[in-house]
Amino acid sequence: MNKRTRVVTAIAVVAVLAGSATACSEESPKDMETARRAQAALDSAGEALDQEREAETKLIRKCMNDQGFKVFPSDGANSNKGQKRSEDLTPSLETARTVGYGADPRRSENQKAQEVGDDFDALPEDVKRAHSMAMDGYVDKPEGGVEFDFGGGKVMVPSKGCRGETLKAVYGDVKEYLRLNWTVYNTVKQDSARILADDDAYQKALSEWASCMKSAGYPEIPTPEKAREAALSHYANVPDGDTAALDNAQRAEIKQATTDAECGTKVGLNTKAREAKSKASADSLVKHEAEITAWLELVTKAKGRAQELLRETS
């Protein structure tokens with residue numbers, strides 16, 4: 001596998017684990033308690049991380065403002081704020097029959113992201129390059145950052161500029177921050193996915209769902225993820241103002257989603273998926289409890305430092 005370097009330009013977005021620590025082996029009450037404890041730590045870390053990010057962002061903005069920069073790229077952080085897609089693999093029949101997967105671009109929640117303007121794009125190129133240098137210490141090619149090798153590639157954060165200096169001031173050991181961040185929000189999830197792939201009941205339900213879809217006229221949709229991709233494809237290349245074409249696309253989406261929901265109900269896919277994901281997540285949480293606990297401690301301290309720095313510089 002070719003190693004890749006991923007540039008982390010801010011605190012990594014929290015990846016919510018699929019399922020919860022509510023289903024461990026009945027023969028392992030100790031593991032169940034460990035999983036619950038780890039999940040509680042993960043939840044607390046997420047709350048602390050949100051508060052740390054808010055303070056850290058203000059520190060970075062102040063650093064940039066002090067250098068004369070007032071306009072920043074839009075990160076889209078608020079475009080879908082408060083929206084949470086159902087974790088069910090297939091839609092309910094009621095939802096499928098009314099909005100399908102919700103892919104219609106005319107739906108208000110699908111338009112918000114498109115309406116977010118980006119004043120930064122309108123700035124002259126020389127100003128944008130100067131902005132990048134002040135923010136990260138480089139312009140085109142990431143260099144001189146702090147790296148963590150996770151085995152299949154690397155993640156990196158700047159060590160210079162307002163972002164790098166703030167991150168070091170808040171977290172201290174930036175490499176440890178990267179290691180724990182990656183472990184908690186990637187390795188734990190990946191381990192959970194591997195466990196899930198070995199769950200016979202879940203895999204059997206997926207296979208039965210795919211066979212049902214094929215029999216109903218959708219042989220090109222082998223997984224629930226592909227079903228949502230197929231729904232989006234109905235709207236591809238349809239002009240925004242072409243109401244008739246958009247209506248046709250919506251009907252096709254709803255027809256497909258209804259079939260998806262019917263097949264899912266027939267094989268009990270959502271129920272089996274929730275059970276399997278919960279068990280897989282619990283097993284992964286048990287395995288990585290030490291890292292999750294260390295992450296909570298690190299983020300909690302970082303939150304305190306960021307908020308203290310903010311008070312000192314205000």
query = Hey, are K301 and E297 close enough for a salt bridge, meaning a charged N less than 4.0 Å from a carboxylate O?
reply = yes
key: Test item: S284 side-chain N/O and V188 main-chain N/O as donor-acceptor pair under 3.5 Å   = yes
query = So which of L49, L298, I292 actually passes side chain to side chain contact (heavy atoms under 4.5 Å, CB included) with V184?
reply = I292
request  = Apply side-chain hydrogen bond (donor to acceptor under 3.5 Å, both in side chains) to the pair S278 and S281, showing each step before the final yes or no.
outcome  = CA-CA 5 Å; S278 184; S281 291; over 6 Å; no
ask   = Roughly how far, to the nearest 0.5 Å, is CZ of R179 from OG1 of T187?
value = 9.5 Å
request  = Please lay out, stage by stage, how V99 and R107 fare under the test side-chain contact (heavy atoms from CB on, under 4.5 Å).
outcome  = CA-CA 9 Å; V99 298; R107 290 174 58 80; 3.2 Å; yes
query = Considering residues, nucleotides and ligands other than E94, do more than 12 of their heavy atoms fall under 6.0 Å from its CD?
reply = no
Note, L59 side chain near T313 side chain (heavy atom, < 4.5 Å) = yes
inquiry  = Does any part of the side chain of F69, heavy atoms only, come nearer than 4.5 Å to the side chain of L123, both counted from C-beta?
reply    = no
key: Side chain T95, main chain P91, donor-acceptor under 3.5 Å   = no
Reported CG-to-NZ distance for the pair N65 and K58, which is rounded to 0.5 angstrom = 13.0 Å
message = Check K279 with E275, please: is the shortest side-chain N to carboxylate O separation under 4.0 Å?
response = no
request  = Mark yes or no for whether N270, through its side chain, and T90, through its backbone, hold a donor-acceptor pair below 3.5 Å.
outcome  = yes
message = Are the side chains of F148 and M156 in contact, using a 4.5 Å heavy-atom criterion?
response = no
task = Answer yes or no: is there a donor N or O on one side and an acceptor on the other, between the side chain of D119 and the main chain of F72, under 3.5 Å?
result = no
Minimum-distance pair of heavy atoms, taken over all atoms of L285 and A35 = CD1-O, 3.9 Å
key: Co-membership, hydrophobic cluster, residues Y177 and F150, 4.5 Å side-chain   = yes
task = Indicate yes or no: does R129 engage E125 in a salt bridge with an N to O separation below 4.0 Å.
result = no
task = Grab the two heavy atoms, one from V267 and one from A205, that are nearest each other, plus how far apart they are.
result = CG2-O, 3.8 Å
key: Pair K160 + E165, salt bridge at N-O below 4.0 Å   = no
ask   = How close do C162 and Q67 get, heavy atom to heavy atom, and via which atoms?
value = SG-NE2, 3.2 Å
ask   = Do D260 and Y218 have side-chain N/O donor and acceptor atoms under 3.5 Å apart?
value = no
query = Between the side chains of W295 and Y185, does any donor sit under 3.5 Å from an acceptor?
reply = yes
query = Going by heavy atoms in the side chains, are I221 and W209 under 4.5 Å from each other?
reply = yes
Flag side-chain contact, heavy atom, 4.5 Å: L89 against E225 = yes
message = Pair K62, D66 - check salt bridge (Lys or Arg N to Asp or Glu O under 4.0 Å), show working.
response = CA-CA 6 Å; K62 185 180 186 307; D66 289 347; 3.2 Å; yes
ask   = Is a side-chain donor-acceptor pair under 3.5 Å present for N248 with R251?
value = yes
ask   = Would you call D199 and K272 a salt bridge, taking side-chain N to carboxylate O under 4.0 Å as the test?
value = no
inquiry  = Looking at Y171, I'd like to know if the NZ or CZ of R305 sits under 6.0 Å from its six-membered ring centre while staying within 45 degrees of the ring's axis.
reply    = no
task = Decide whether Y101 and Q256 meet the rule of one side-chain donor and one side-chain acceptor closer than 3.5 Å.
result = yes
task = Classify the side-chain pair E253/Y235 by whether it contains a donor and acceptor separated by less than 3.5 Å.
result = yes
inquiry  = For a side-chain contact (heavy atoms from CB on, under 4.5 Å) check, start with the C-alpha distance between N186 and Q190, then their side-chain angles and the critical distance, and finish with the verdict.
reply    = CA-CA 6 Å; N186 291 276; Q190 290 163 2; 4.1 Å; yes
request  = For T259 and A216, work out which heavy atoms get closest and say how close.
outcome  = CG2-CB, 3.4 Å
message = A side-chain contact here means heavy atoms from C-beta on lying under 4.5 Å apart; do V157 and L178 qualify?
response = yes
E308 side chain near R311 side chain, heavy-atom distance below 4.5 Å = yes
ask   = Do K70 and M64 pass the side-chain contact (heavy atoms from CB on, under 4.5 Å) test, and can you show the C-alpha distance, the side-chain angles, and the key distance before you say yes or no?
value = CA-CA 7 Å; K70 307 297 182 182; M64 293 293 287; over 6 Å; no
message = I want to check something: taking the side chain as every heavy atom from C-beta on, are D283 and K287 in contact at a cut-off of under 4.5 Å?
response = no
ask   = Atom OG1 of T293 and atom CD of E289: how far apart are they, to the nearest 0.5 Å?
value = 4.5 Å
ask   = Would you say S233's side chain and A230's backbone share a donor-acceptor pair under 3.5 angstrom?
value = yes
key: Salt bridge K226-E229, side-chain N to carboxylate O under 4.0 Å   = yes
key: Polar side-chain atom of D136 near backbone of Y138 as donor-acceptor pair, under 3.5 Å   = no
task = Identify the two heavy atoms, one from H288 and one from T183, that lie closest to each other, and give their separation to 0.1 Å.
result = ND1-CG2, 4.0 Å
query = Is a salt bridge present between D31 and R36, judged by a nitrogen-to-oxygen distance below 4.0 Å?
reply = no
key: Non-hydrogen atoms of V170 and A302 that approach each other most closely   = CG1-O, 3.4 Å
